[in-house]
Structures are given as structure tokens and as C-alpha cells.
Amino acid sequence: MSHAEEILKEAERFPALDPTALNLLELLQSDDFETREVVDRIELNPQLTIKILRLANSGFFGLRREVTSVFHAVNLLGKTNLVRLLLSATVGPIISQALEGYKVEEGELWKRAIAVAFAARQYARRLNVDVEDRVFISGLLCDVGKLLTSSWVEKHLKEIQVAAFEEGCSFEEAEKRCLGVNHAKVGSILLDSWDLPDSLVEVVRWHHEPTKCGAEYRTEAELVHLADYSCALFGIGAGSDGTHYRPCHETFEKLHVDFSLLEKVMIDTMDELEKSSFMFESP
Amino acid sequence: MSTVEAITKKIVKISDVIVSQDPKEVIVTYSLGSCLGLTAYDPTTQMGGLLHCMLPASKKNKEKAKVSPAMFVDTGVVLLLQQLIELGAKKSNLEIRIAGCASSLQQVGNIKIGERNHTVARKILWKNDLMIAGEDVGGTQPRTMILELGTGKTLIQSCGETREI
């Protein structure tokens, strides 16, 4: 069995996300849901209930009244924030682990994930593309494949580093060359196995090569690419891969991304990151 | 480390600066990508500091620079010097070392953050009559920068190697 086949087999065995939260995420994707139904499902999960009440009462939303019920919290937070919270409560604990292969300490990949999510949303806003919520989630999950590729990167680090730092491959190209598959593809397979929407699977698959993404989700893939590239450049959650990634020139040109835009996006991203420290806490 | 005494580690986050006069401390910053890491150390007083800046110039972001001067190289370097002088360090004694300023595998358009950070740092240091005693900049590899207050050494860890600059 090749490395790639073994890695993809591991993806099938990887623990799925919390079913309550997945269920809720699915419900929230539809336009037609009753708040009561959402509240009932949240109340079945004490950890989520606590997290939601803490978030509603945190300074992040600047609410003046104390929120004491899930119903009140859900109404105040709105769908977008609820989706974010569900992801942080479900994906956060999984994605927070230290990754030996990438030399990333505990919590750093999660921090990177949130930074990419914020940056993707900032790019969408500043470029007037109406996909803010969708790119937030894709950004958050774009490196989820590293959870699986990490142990393989660790075993083949020397080989990968030679391919990357001596032979001119980008880090994910070096992964592909040495392991037969890169973290983007593994991430997309993982998300697909969790039955997450196709848009998410496709954007994560192509976040390093957005021009290969199908036309339907290409803009989202481009925004996540910009966000991921920007965060890597500033070393946010960076490890053995450093800044060793290749920008998609076509995307930068098409969307007219220059120093000034990148600077604005990253200043706002760092601000949001600072305000959202609650997302780094355990649910 | 050259000492067996308990060493306290202080961590500098992105857009942050820490100064110290405790010889039992080391100041560390992780994951320097295109950001600038800068250490300043006065060997006569064993006072030193480490700065981690994201962006080159505060010119277009004056409000942000007031709240977070260490975000920008121009205001960050001034802040570090001020804090060290307030602590009792002598400016003319300061040994300056810089690291980071990496780029991605290929540059794109005018986005050359690492180079810009490097250029502005040199300019600000020149204006302040300070020379760079050592540097480890550019490339695409991540760097951790460490300042040992006890010895004054600035160490760079990258891809499993540690070197002094």
C-alpha cells in the first residue's frame, strides 16, 4: 500500500465531529428553521450551552444586558455567530492538538485556523464578494488535513525539507512528492467523510491551487488562498513549513491584491484575533 | 544555556515588545515569518529587549500605531529603545540584532513585507545611530528568536538548528 493510500485509509477512521453540532450546523445551513428547534438541540448538550452563554456575555459582542437563557443567546447571537461558535466548540478541540510533523505547538493550528477564517472574511468584505460566512468556515477548516498528514510529515521531514528548501517545491508540493498526497487533499477527504457540504470540500481541496477549483466555488477558493497565504507570510501558527508557500499570481492579479490591501486585511485580522480569545478556550 | 540556575522564559507575541534586566530571564519570540524580530542588549547593565513587528511603517495607520506601536517597525523600534532607556540602558551601548523578514517561495506584485520590514528597520536604526551587530533574515524558513539576558546572546532556532547571531 502506498503512503497516500495509507493516509487516505486513516482519514476514513478519523473521529467525526460532535454529531449534535454537526446536526445543528446542517440545520443552520437551511433557510427554513425554527429558533426553538435550534435551542432545544443546544440544550441537549451542556458543554455547548455553557459555551454559548459565555460567548453571549463576553465583551466580543458588546451586549449590555446579561444573557441567561439559550433562547435569548441564540436570538442575540444570530445565525452567523452561532455557526462560528459551533465550529469553535467542535472543531477547536480536535484542531488544537500539537502537530509534531509540522513542529506546531498545542493550540497553534487552531489559532492559524481562526486567523485564516477572519482574513478570508476580511478579503471577501474588502473585495465586495458576498460569501463572508462561507469563506469563514472554509478558512477555518482549510488545514484540517494536517491533523492526519502530520505524523507522515514527521517520518519524512528530512526528505520533505530537501524537496522544499533545496529543490524549490512549495511545502505542499513537497508533501505531494514525498507522501503522494498533500494536506489539502487529505483535508477535503476528511470533510467529505464528515458529510460536510461540497463547497467546503472543494474549497479546502484547492486552497493552494485555487485556479483548479471548479467555477462554482472558485472565488471562495481564491479568497481562502489569499487568507492562508497572508497568515503563513506573517508566521501565524507556522511551523516547519514556514513561509514556504507559492502565491497564486493569477488570483492576486484578478482580485487586485496589493501590499496596501494585504496590510489592511492583516491589521483587521489581528484585531479580530485579539478580541476572539474566547475561541481558544476549551469548550 | 550557559547557566544551571532556573531560567524564566518570557514570550513576545506578534506586535509586542518585552524588556528585562533580569539575568535569569530569556525572552523568546516564535514563528517569525515576514515579521521583524529585533533584540537590543546593553552588556554593561545586562538590560535587553526583544521586539516582534508585523508591518514596516505606521504612516497610513497612525491610530493603530498609537494603540499598538509594536505592530510597526518604525514605531516599534522607537518603543523598544524608549523602554530600555527608561530601564537604565545606555543607547550607545546597545547591541542590535535582527531576524525574520522572510518571504514566500515566490514574491507577488509589490507585496514584499519581509524586505520592507528589513529596509525600514535599517533606516530607523541608522537614524538612531545604531549599527546592526548581527542578522539572520530572508529566505522562507521559520525562525524562533531568543535573547538570553544573562549572556547577551541572541540565538536563532530554525529547522532544528540553533545558531548565535
Side-chain angles (χ1 to χ4, degrees), chain A residues 102-105 108 111-112 115 157-158 160-162 164-166 168-174 208 226 228-253 255-271 273-274, chain B residues 11-16 28-37 52-65 67-68 70-73 99-117 120 137-145 157-161:
Chain A
Y102 293 95
K103 309 287 177 215
V104 169
E105 292 190 9
E108 286 299 302
K111 189 175 172 185
R112 165 71 161 265
L157 189 58
K158 202 73 216 160
I160 290 173
Q161 282 179 330
V162 168
F165 298 112
E166 292 174 27
C169 292
S170 69
F171 204 85
E172 92 281 358
E173 287 162 3
H208 285 292
L226 292 174
D228 187 48
Y229 173 83
S230 307
C231 292
L233 195 58
F234 286 100
I236 301 168
S240 52
D241 49 355
T243 54
H244 208 72
Y245 289 99
R246 209 183 287 284
C248 173
H249 290 271
E250 207 176 314
T251 296
F252 276 79
E253 278 165 29
L255 299 175
H256 307 291
V257 180
D258 59 7
F259 171 76
S260 170
L261 176 61
L262 190 141
E263 183 181 51
K264 285 178 192 142
V265 164
M266 290 313 291
I267 288 175
D268 289 346
T269 297
M270 296 311 287
D271 272 351
L273 209 54
E274 207 178 307
Chain B
I11 297 169
V12 179
K13 295 178 183 169
I14 298 178
S15 306
D16 193 11
V28 183
T29 198
Y30 296 104
S31 300
L32 279 171
S34 60
C35 298
L36 169 85
H52 185 151
C53 305
M54 277 179 78
L55 293 162
S58 60
K59 198 169 61 185
K60 289 183 185 164
N61 299 286
K62 287 201 168 18
E63 288 307 309
K64 186 70 205 168
V67 188
S68 184
M71 181 175 265
F72 304 94
V73 175
C101 307
S103 58
S104 56
L105 187 54
Q106 288 171 340
Q107 296 281 13
V108 56
N110 67 353
I111 300 169
K112 292 177 178 173
I113 310 248
E115 284 178 41
R116 287 170 190 258
N117 283 338
V120 174
V137 296
T140 57
Q141 298 184 356
R143 294 173 173 92
T144 292
M145 190 179 203
Q157 289 177 343
S158 182
C159 292
E161 289 175 10

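In what follows, chains are A, B, ... by sequence order, proteins preceding strands, each numbered from 1.
Under the 3.5 Å distance criterion, the side-chain polar atoms of B:S104 are left unmatched by any main-chain donor or acceptor of A:R246. Looking at B:S31, its side chain does come within 3.5 Å of a backbone N or O of A:A238 through a donor-acceptor pair. Formation of a donor-acceptor pair under 3.5 Å by the B:S34 side chain with backbone atoms of A:L233 is found in this model.
A distance of 7.0 Å separates CD of A:E274 from OG of B:S68, quoted to the nearest 0.5 Å. The OH atom of B:Y30 sits 5.5 Å away from the CD atom of A:E105 when rounded to the nearest 0.5 Å.
With a 4.5 angstrom heavy-atom cutoff, A:M270 touches chain B only via side-chain atoms. With a 4.5 angstrom heavy-atom cutoff, B:M54 touches chain A via backbone and side-chain atoms both. If you measure heavy-atom distances from B:S103 to chain A, the contacts under 4.5 Å come from the backbone alone. Within the 4.5 angstrom heavy-atom criterion, no atom of A:C248 approaches chain B. Only the side chain of B:R116 comes within contact range of chain A, with at least one heavy atom under 4.5 Å from a heavy atom of that chain.
The greatest number of non-hydrogen atom pairs below 4.5 Å with chain B, out of A:S240, A:C169, A:A232, A:G235, is found for A:G235. With chain A as partner, the option from B:L32, B:V67, B:I113 having the largest number of non-hydrogen pairs under 4.5 angstrom is B:I113.
Between A:Y229 and B:Q106, the closest heavy-atom pair is OH-O, 3.9 Å. Considering every non-hydrogen atom in both A:G242 and B:P142, the closest pair reads CA-CD, 3.5 Å. Closest approach of A:I267 to B:L55, counting heavy atoms only: CG1-CD1, 3.6 Å. Between B:I111 and A:F259, the shortest heavy-atom contact is CG1-N, 3.6 Å. Annotation for A:F234 and B:I14: closest pair O-CD1, 4.0 Å, computed over non-hydrogen atoms. Of all heavy-atom pairs spanning A:G168 and B:L105, the tightest one is O-CD2, 3.8 Å.
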For this session: Report the C-alpha distance between B:N61 and A:E263 in whole Å, list the side-chain angles of each, state the deciding distance to 0.1 Å, and finish with yes or no for side-chain contact (heavy atoms from CB on, under 4.5 Å).
Result: CA-CA 10 Å; B:N61 299 286; A:E263 183 181 51; 3.6 Å; yes
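Heavy-atom neighbours of B:Q107 CD from other residues, nucleotides or ligands within 6.0 Å: above the threshold of 12.
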